[in-house]
Amino acid sequence: MKRHATLAVRLSLFTGALIVTHTAQADTPALSQQLEDLQSFQVIAHRGASGHAPESSMAALELAHAWGADYLELDIQMTSDGELVAFHDDTLERTSNGEGHINDHTLAELKALDAGSWFNEAHPALANPAYEGAHILTLEEVLNRFDEDVRFYLETKSPELNPGVEEGLVRRLEAYDMIETGRVLIQSFDQASLLKIHDLNPDIPLIQLVWYSPAEENEGRLTEWTGVTPAPGEVTDEDFQRVADYAVGLGTNYLYDGEPVITEAFVQQAQENGLAVHVYTINEVDEMQRLLDWGVNGLFTDYPDRLIELTE
Ligand code: G3P
Ligand code: CA
């Protein structure tokens with residue numbers, strides 16, 4: 001955390017505009033362009049267009065890409081034999097016909113599962129026979145599928161359950177030349193995981209995820225799940241600066257139990273401290289519009305089509 005981020009998006013207090021101050025060791029035009037693009041609004045397709053097709057499936061990713069999402073978001077976990085796969089939950093039951101923890105299984109075992117039929121059962125109105133038998137995807141399958149104009153927003157999910165995921169992820173992203181070409185952001189709730197990635201390759205733009213909720217001991221106060229920042233009303237410029245030392249942005253929830261946990265002032269304060277603000281997971285158009293009015297830098301959504309229609 002003491003290291004200065006080699007890439008940073010800074011807010012000019014003079015112009016009020018997000019400007020890029022990058023001291024990247026590998027200062028490529030593509031990386032610069034990616035950082036510049038973070039100044040404008042980013043549509044982040046949450047697990048693909050997961051409101052329309054099984055989350056983290058090729059169908060969901062293809063839909064989101066076809067609609068023009070800026071980033072395809074996926075959660076990355078590790079199999080028992082060291083492969084990286086796109087899967088959100090720590091356990092298999094909700095979105096596949098498997099059982100148990102995903103990282104207790106080999107890739108071959110996971111590949112034998114049906115990760116699509118659950119969607120048809122859960123959403124009969126959206127059911128599509130083509131989703132039946134959808135496979136859990138490896139990171140390589142995803143990267144191989146899309147052209148070089150596609151950007152990915154990858155989360156190290158539950159890194160405590162996926163030891164070595166950071167090294168595996170960075171190694172693969174480097175092999176696919178995803179970093180210097182400005183095609184990837186890495187996000188995590190786990191600050192240590194982000195710092196590990198920053199040490200492995202300081203050129204990778206990072207997003208610190210946070211989750212605000214009422215404090216157990218005092219429900220009138222909010223608390224941040226991982227302890228990365230104090231509550232939105234208590235966060236100082238120094239707190240944000242500590243995040244800006246390694247990350248280019250903050251990914252935050254907007255609501256807890258239907259009630260807002262952040263404010264427009266929180267968004268502005270984070271931006272004034274050099275952090276782009278991306279908010280998850282926003283599916284209702286009125287909430288999208290409110291956050292757009294606040295000037296957030298991006299929204300995670302299961303419905304990129306709705307958000308794109310709103311922002312066009
Ligand atoms: O990555 C942002 C958002 O996706 C975090 O929540 O649980 O959907 O991964 P989750
Ligand atoms: Ca995620």
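Computation of the quantities below employed the complete heavy-atom set of this structure, encompassing side-chain atoms and omitting hydrogens, waters and symmetry-equivalent molecules. As the structure lists them, so they are numbered: ligands from 1, and atoms in each ligand from 1.
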Using heavy atoms and a strict 4.0 Å limit, residues surrounding ligand 1 turn out to be His46, Arg47, Glu73, Asp75, His88, Glu155, Lys157, Gln187, Phe189, Leu209, Tyr280, Phe300
Atoms of type N/O/S from protein, distance to the Ca ion (ligand 2) below 3.0 Å: 3
Salt bridge between Lys111 and Glu141, side-chain N to carboxylate O under 4.0 Å? yes
Distance check, rounded to the nearest 0.5 Å: Thr138 atom OG1 versus Leu143 atom CG? 8.0 Å
Answer yes or no: is there an ion pair linking Arg172 with Glu140, defined by an N-O contact shorter than 4.0 Å? yes
Residue pair Val261 / Ser213, side-chain heavy-atom distance below 4.5 Å: no
Note: Asp239-Arg242 ion pair, threshold 4.0 Å (strictly below): yes
Per the ring pair (Phe, Tyr, Trp, His ring centres under 6.0 Å) rule, which among Phe41, Phe266, Tyr254 passes with Trp294? Tyr254
Find the distance between CG (Leu154) and CG (Leu185) and round it off to the nearest 0.5 Å. 8.5 Å
Which donor-acceptor pairs under 3.5 Å do the side chains of residues 52-64 make with protein atoms, sequence neighbours left out?
residue : atom : partner : partner atom : Å
His52   : NE2  : Asp305  : OD1          : 3.1
His52   : NE2  : Asp305  : OD2          : 3.0
Glu55   : OE1  : Arg47   : NH1          : 3.2
Glu55   : OE1  : Arg94   : NH1          : 3.3
Glu55   : OE1  : Arg94   : NH2          : 3.3
Glu55   : OE2  : Arg47   : NH1          : 3.1
Glu55   : OE2  : Arg94   : NH2          : 2.8
Ser57   : OG   : Pro54   : O            : 2.6
Ser57   : OG   : Ala60   : N            : 3.1
Glu62   : OE2  : Arg145  : NE           : 2.7
Glu62   : OE2  : Arg145  : NH2          : 3.2

Not counting sequence neighbours, list each pair that qualifies as a side-chain hydrogen bond (donor to acceptor under 3.5 Å, both in side chains) and has a residue in residues 159-171. Gln77-Asn162, Asn103-Asn162, Glu166-Ser193
